[in-house]
Amino acid sequence: MNSFSDNFTINGITLTAQPICRQGEVLTPDALEFVGKLHRATAERRQELMQARHARRNAISSGQDPRFLPQTEAIRNDPSWRVAPPAPGLEDRRVEITGPVDKKMTINALNSGAKVWLADMEDSSTPTWRNVIQGQLNLTDALERRIDFTTPEGKEYKLKAAADLPTIVVRPRGWHLPEKHMLIDGKPIAGGIVDFGLYFFHNARRLLAQGKGPYFYLPKIENHLEARLWNDIFILAQDLLGIPQGTIRATVLIETITAAFEMEEILYELRDHASGLNAGRWDYIFSLIKNFRTRGPRFVLPDRGQVTMTQPFMRAYTEQLVRACHRRGAMAIGGMAAAVPNRKDEAANTASFEKVRADKTREANDGFDGSWVAHPDLVPVCREVFDSVLGEAPNQLSKSREDVTPDDRALIDIASTQGTITEAGIRQNIEVGIRYIESWLRGNGAVAIHNLMEDAATAEISRSQLWQWIHSHAITEHGDIISREWVQDMLDEEFARLERFDGDRFADARSIFEEVTLTEEFPTFLTIPAYARYLTEAREEATAEELVAA
């Protein structure tokens, strides 16, 4: 155990959590000073951008449809600019595996045969203090090749040869999430700055010495000004450590509906540090529901499982993403294949893998340069599909997709979506939402449910669909009007069916799920009240400002 105690202050940063083993290796005085400088330089702008999110959502809910921005038309119409060329280790991204940064996943992901590992400190990682710090330790240990371990059952986990390991791309938390165990002037530092800053400070030079660099995935960005803030942080971070500008590379997840209207502008803001965009499908649908949830039947979607990538508004989103990326020399990375193999059911596996193959084939044929999988067994499936399209080429940057016409109306053409709302779909949203939150509260943010690897986005879309269906008086395929009382009855029934166990957190999970689903207000992210109430050392309520401005 290190020497930190509760409420220990060093270099202006107060640490409020019970210290964990080896914490002192991460929270060195120099590292904390570095994180503090990043925070102080950007905290005011971050708050302004959070308030701008709130104002934008209010405008949309009041009837103002988002459109391509007239004030940035010159950027979109200028054919001359490009992002930086692919950085070392990011030239070929045909298969990317995603997952949290716990020790077992770190080794399995690095040994998976993928080209890139998205080391996730965001939606598949519960932000307990232990997970935040241990994740940093695991990443550094992996880069130093000292992460091997043996389970109590005798199973060994060891890294393959360095030449066979994928490039690491770290996803820090989004701008909306605070780190309430690190305070400056009594206020939390942004979780994203903590995750980015500690990893960059400790590993940027180490990565460069290994022939790669500090690379990141940026989540939940809603517009190009938020991308500009990240770019300014990158510039400052590189300056503070004396590392050449442009060393950092970032791939932005286009997983909010408003960001889809500013894809080229986001690349432009990050252009010296940009490496691509990713189609983050579940969060994208969640964002659409969140923004248009009060706009009536025109924006009501069918069951979550029926909102596939072939629905018209999702096709518009992915095709325009590929066009925007390749027009500017950036990589387009496809969405998640969440299937988890069931080794007891070969028939189900075969059907599941064929769905994955079809999904990846569509992406490869659309011009994507690579795609995501959640499980090592899916790496060969995805690689085979992209190998057949790419051949010897590392990517498809030459596939311009100039046949795609940018169309802002098509991005929100929800009315053309085919499908129905079913009682089974309502019940699945309830069951999966509660089961995910329960696991999240126990510290596990990547959860296999019904042979699918779920993260926070699944719970978000589940509860937001229910909220919207209730408030829009949506009608099921059998003509039943969805009411709060009916959903509450189904929630009671589904909760009673859950298999309980010693130490489970189902009661707490139900409380959170009801709060973010059945109340009149709509918390922008369920993780904000859940984090404030259950994961901080000092139990507290999320502030009204946090709930609405995120």
Would R304 pass as a cation-pi partner of W282, given that its NZ or CZ must be under 6.0 Å from the six-membered ring centre and within 45 degrees of the axis? yes
Step-by-step side chain to side chain contact (heavy atoms under 4.5 Å, CB included) determination, L118 to F216: CA-CA 8 Å; L118 186 158; F216 299 90; over 6 Å; no
Parallel, tilted or perpendicular: which describes the rings of F506 and F501, with under 30° parallel and over 60° perpendicular? perpendicular
Checking side-chain polar atoms at under 3.5 Å, does S371 have a donor or acceptor matched by the opposite partner on E363? yes
Non-hydrogen side-chain atoms of E264 and T72 separated by less than 4.5 Å: no
If you measure only the distance, is there a donor-acceptor pair under 3.5 Å linking the side chains of E179 and H181? yes
Do the side chains of L526 and I437 get nearer than 4.5 Å, heavy atoms only? yes
Can any side-chain N or O of D195 pair as donor or acceptor with the backbone N or O of L198 at less than 3.5 Å? no
Can you tell me how far CD of E319 sits from CZ of R401, rounded to the nearest 0.5 angstrom? 4.5 Å
To the nearest 0.5 Å, what is the distance between CD on E485 and CE on M490? 11.5 Å
Let me confirm one number: the CG-OG1 distance from L177 to T527, rounded to the nearest 0.5 Å. 4.5 Å
For I333, is there any backbone N or O sitting under 3.5 Å from a side-chain donor or acceptor partner on D369? no
If you apply the rule salt bridge (Lys or Arg N to Asp or Glu O under 4.0 Å), what do you find for D366 with R315, and how did you get there? CA-CA 10 Å; D366 281 351; R315 289 293 292 153; 2.5 Å; yes
Identify, with sequence neighbours excluded, every residue that meets salt bridge (Lys or Arg N to Asp or Glu O under 4.0 Å) alongside E494. R427, R497
Does the side chain of S125 come under 3.5 Å of the side chain of D120 through a donor N or O and an acceptor N or O? no
Considering only NZ, NE, NH1 and NH2 on the basic side and carboxylate oxygens on the acidic side, decide whether D359 and R281 come within less than 4.0 Å. yes
Does a donor on one side chain and an acceptor on the other come within less than 3.5 Å for R93 and T251? yes
Steps toward salt bridge (Lys or Arg N to Asp or Glu O under 4.0 Å) verdict (R533, D508): CA-CA 10 Å; R533 191 172 310 153; D508 293 334; over 6 Å; no
Any donor-acceptor N/O pair, H478 side chain to D480 backbone, under 3.5 Å: no
For the residue pair P127 and W440, establish whether any side-chain heavy-atom pair is separated by less than 4.5 Å. yes
Between E460 and K290 (salt bridge meaning N to carboxylate O under 4.0 Å), is one present in this structure? no
Measure the shortest side-chain to side-chain distance between F513 and R435 over non-hydrogen atoms and say whether it is less than 4.5 angstrom. no
With a 3.5 Å cut-off and no angle check, do the side chains of T126 and T128 form a donor-acceptor pair? no
Is the positively charged end of R46 above the ring of W175, judged by distance under 6.0 angstrom from the centroid and angle within 45° of the axis? no
Can you tell me how the ring of H176 sits relative to the ring of F525, calling it parallel under 30°, perpendicular over 60° and tilted otherwise? parallel
Decide side chain to side chain contact (heavy atoms under 4.5 Å, CB included) for R409 and F313; before the verdict, give the C-alpha distance in whole Å, the side-chain angles of both, and the deciding distance to 0.1 Å. CA-CA 9 Å; R409 297 299 173 94; F313 79 100; over 6 Å; no
Are the aromatic rings of W372 and Y217 close, with centres under 6.0 Å apart? yes
CZ of R76 to CZ of R328: how many Å apart, nearest 0.5 Å? 10.0 Å
Non-hydrogen side-chain atoms of E96 and V169 separated by less than 4.5 Å: no
Answer yes or no: is there a side-chain heavy-atom contact under 4.5 Å between P376 and I97? yes
Does R45 come within less than 4.0 Å of D232, counting only side-chain N to carboxylate O? yes
Quick one: does NZ or CZ of R463 land under 6.0 Å from the six-membered ring centre of F522, within 45 degrees of the ring axis? yes
Just so I know, are the side chains of Y317 and Q311 near enough to count as touching, which here means a heavy-atom distance under 4.5 Å? no
Flag the pair D102 and R130 as a salt bridge only when some basic side-chain nitrogen lies within less than 4.0 angstrom of an acidic carboxylate oxygen. no
Between T361 and R357, a side-chain donor and acceptor under 3.5 Å: no
Can you see whether S416 engages D413 through a side-chain donor-acceptor pair at a distance of less than 3.5 angstrom? yes
List the residues meeting salt bridge (Lys or Arg N to Asp or Glu O under 4.0 Å) with R510, not counting sequence neighbours, and say none if there are none. D492, E514
What do the steps show when you test R53 against E222 for salt bridge (Lys or Arg N to Asp or Glu O under 4.0 Å), and what is the final call? CA-CA 7 Å; R53 281 186 182 184; E222 299 208 2; 3.8 Å; yes
Using atom types as modelled and distance alone, determine if a side-chain donor or acceptor of S472 lies under 3.5 Å from a backbone N or O of G296. no
Hey, is E226 close enough to R56 for a salt bridge, meaning N to O under 4.0 Å? no
Within the side chain of Q320, is there an N or O that forms a donor-acceptor pair under 3.5 Å with the backbone of P406? no
With a 4.5 Å limit on heavy-atom distance, are the side chains of V170 and F196 in contact? no
Can a donor-acceptor pair be found between the side chains of Q465 and N429 at a distance below 3.5 Å? yes
Check: G443 main-chain N/O paired with N131 side-chain donor or acceptor under 3.5 Å: yes
